[in-house]
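Worksheet: one structure, shown below.
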2 protein chains.
Amino acid sequence: MATIYHVARRSGVSTATVSRVMKGGTGFSAATRERVLAAAGELAWVPSGSARGLASRRTGIVGLIFPDLDNTDEPGQDSPLYFDQIIRGAERAATAMGDAVLIAGSRCATGRDLVFSVASKVDGLVVLAGSLSKRDLDQIGRSVPVVLLADRAAHRGMDGVAADNRGGARAITSHLIVGHGYRELAFVGGVQRAPDSMERFAGFRDALKEAGLSIPEAPAALGGFTESGGELAMHEILRAPRPPEAVVFANDQMAIGALSTLRRARIPVPAQMAIAGFDDIAAARHVRPALTTVRQPMRDLGEQAVRLLFERVAEPDGARRAVLLSTEVVLRRSCGCGARVRAGATS
Amino acid sequence: MATIYHVARRSGVSTATVSRVMKGGTGFSAATRERVLAAAGELAWVPSGSARGLASRRTGIVGLIFPDLDNTDEPGQDSPLYFDQIIRGAERAATAMGDAVLIAGSRCATGRDLVFSVASKVDGLVVLAGSLSKRDLDQIGRSVPVVLLADRAAHRGMDGVAADNRGGARAITSHLIVGHGYRELAFVGGVQRAPDSMERFAGFRDALKEAGLSIPEAPAALGGFTESGGELAMHEILRAPRPPEAVVFANDQMAIGALSTLRRARIPVPAQMAIAGFDDIAAARHVRPALTTVRQPMRDLGEQAVRLLFERVAEPDGARRAVLLSTEVVLRRSCGCGARVRAGATS
DNA sequence: TTGTAGGCGTTATCAT
DNA sequence: ATGATAACGCCTACAA
């Protein structure tokens, strides 16, 4: 395998000059440049990333840590699709800076192992909420810059970016109340203490309070963020003596599951019961009736997180930042809206 | 930042011993091990990935090159979702071997350079069909092992894995003919010379031929693999003097677009026209009527590609291999099937 | 504009 | 079981 020495010899210059040409700045004649590039091409030489990283102390890689990229083998069971969008956003932002993205599920590797295999290979890390324990997070934060994604548990000394879950939930709930006149509303959460679920529930309560309606202590049901969980949750709700006029779900997948239950129960949506979700996954448009929901700027989340990371890498001691991205209500038929219109953004 | 020297000094051993302990094999006493680990922990030391890579000639990273991770800002326009599944499969296989996955889109402005910079950071590359020109591919193949994904244009001396597109298309078309008795079938392709589209069309023709029906020279229409393209393609088909009884689409997104057109035209599916797609994306289950389609084992594709890559890295001169993964027909309502049953696999 | 040379943090090969 | 030390391939002052 060719090295910089071979290229230098072949093009009749020093390794320093080869290095300069490869870096792309200035400090060499056009003729030299051509000779070097030609030699590099002939030898099929690519500068070693490892050697470069070692000498320059930059790997040109940003890492992305997920809670668990695939815990299910059920093909139909789409595990959180928003991961994918986040990856895309991150990839875009990184590519724009000439960096690449390293992805790793935290699944089997915990703490030290992960630090090992990933932290040492990157210039910085974007960590999704729920990927790491606080302990591991702190430890990893000691060896590389870290940006927290969708994790409002603002950790000491770490940058973070998140979507305005609360504002979005508040906005869509207000729409149901003000726009359609519903007075009996219920909320279906995901998992017991999941931050996302809790924030959205808080927004739901904000809207009820604002409208002077009585506000529940807890979600009417929990659906585990899955489609089947949503079906069950809806069954639970239908068993109540007096079912609500409208139900807000903590995510789209549960809402879609609920639509199945309602169809089987021959309860017309939205005529007899209005439904709203959260996320705006692709299926939300295809389901009948099309699902009214709140769009999260997932791609932007990934993009902003990487940008923030670059800033931190460039200026390690700068003030920490917390970026909040606004969400957007997407009105479709399931809430009672006739057409598919978009309402304003929150925050 | 701590280095191996600091750790060695602090634990009273040589750097060689620290290195051995970190590698995890044997060749040191338990007591030594403890001391080293303790020192490493206290100093928050993580072995530098670059230095490791330089010395050992292994980065512990496999690269994944895509045609273009996101060329659209249209949130509804899901660019090929199967990328995501492939990423997941690759991540899983790599993690199982203790490696990480580096992803990079290729078509953006800085794409070409990026690809080469990625090549130098990884032990091997999985390249998706359509990411690189043959020239670039050959060149890159000279500096790292490459596995081609979903690219049947069997390149000289490269391993490859792909799905059985032709067999899948043949199987679903046969189902329409044999299972439902349709005799007038049409095929809608994606892009003019796209390999996927062509292979699926070939499978479609295989089935017609087998049934003794007349086989068309070319697809009845082209829909560019997009939903809106599918809508247009269906309009085109409806303009024909004698529309077909069943239409097979080169992918699900186009088929879903076609369903919209048919709904607006008040043509009942499958009663008056049966529809079949390809891929089995998530939306295929949610659309009404639910879409009959062919499932591609996308996750497996990613997984197998990475496995193959590891084999090649371990044994650079082994015989090249071409892996073909079987597809599976998924019967839903759009073809005329009453229930949602699964038929057998191909190949 | 170009060359010289020291160092980046590990691993691996010999010794012991 | 452990230590000394030469690579590993590149970058970057510093010189010329």
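Counting only heavy atoms from C-beta on, B:S48 has its side chain closest to C:dG9 among D:dT12, C:dA12, C:dG9. Listed nucleotides: C:dA12, D:dC10, D:dT12. Nearest to the side chain of B:A16: C:dA12. If you check C:dT11, C:dC8, D:dG3 against the side chain of A:A55, the one that comes closest is C:dC8.
For D:dC10, neither phosphate oxygen OP1 nor OP2 lies less than 4.0 angstrom from any side-chain nitrogen or oxygen of A:R52. Here B:S29 reaches the OP1 or OP2 of D:dT2: one of its side-chain N or O atoms lies under 4.0 Å away. For C:dA12, one of the phosphate oxygens OP1 or OP2 lies less than 4.0 angstrom from a side-chain nitrogen or oxygen of B:K23. Considering only side-chain N and O atoms, A:S19 lies under 4.0 angstrom from the phosphate OP1 or OP2 of D:dC11. Regarding contacts with the backbone of D:dG9, a side-chain N or O of B:R57 is found under 4.0 angstrom from either OP1 or OP2.
If you check every strand for non-hydrogen atoms under 4.0 Å, B:V18 touches nothing. Base contact: B:R20 has a heavy atom under 4.0 Å from a base atom. Residue contacts shown for B:T32 are limited to sugar-phosphate atoms, with no base heavy atom under 4.0 Å away. Within 4.0 Å (heavy atoms only), B:T17 reaches sugar-phosphate atoms of the nucleic acid but no base atom.
When the nearest nucleotides of DNA chain D are assigned to B:R33 and A:T3 by heavy-atom distance, the more 5′-ward of the two goes with B:R33. Across the interface with DNA chain D, nearest-nucleotide mapping of A:T15 and B:T15 shows B:T15 to be the residue nearer the 5′ end.
The pair A:E311-A:R321 meets the salt-bridge criterion, since a charged nitrogen lies less than 4.0 angstrom from a carboxylate oxygen. Ionic pairing of B:R88 and A:D84 is present here: one or more N-O contacts between side-chain nitrogen and carboxylate oxygen are shorter than 4.0 angstrom.
A donor-acceptor pair is defined here as one N or O able to donate and one able to accept, closer than 3.5 Å; no such pair exists between the side chain of A:S11 and the backbone of A:A39. In this structure a side-chain-to-backbone donor-acceptor pair under 3.5 Å is missing from A:R33 to A:M22.
A straight line from CG of A:L54 to P of C:dG7 spans 14 Å, rounded to a whole angstrom. The nearest whole Å value for the distance from the CD1 atom in B:I4 to the C1' atom in C:dC8 is 13 Å. Straight-line distance from the CZ atom of A:R9 to the P atom of D:dG9: 13 Å, rounded to whole Å. Remark: C1' of C:dT2 and CZ of A:R35 are 11 Å apart, rounded to the nearest angstrom. One interatomic measurement links the two molecules: OH of B:Y5 to C1' of C:dT10, which rounds to 8 Å at whole-angstrom precision. The CH2 atom of B:W45 sits 9 Å away from the C1' atom of C:dG9 (whole-angstrom rounding).
Within a 6.0 Å radius of CZ in A:R320, more than 12 heavy atoms belonging to other residues, nucleotides or ligands are found.
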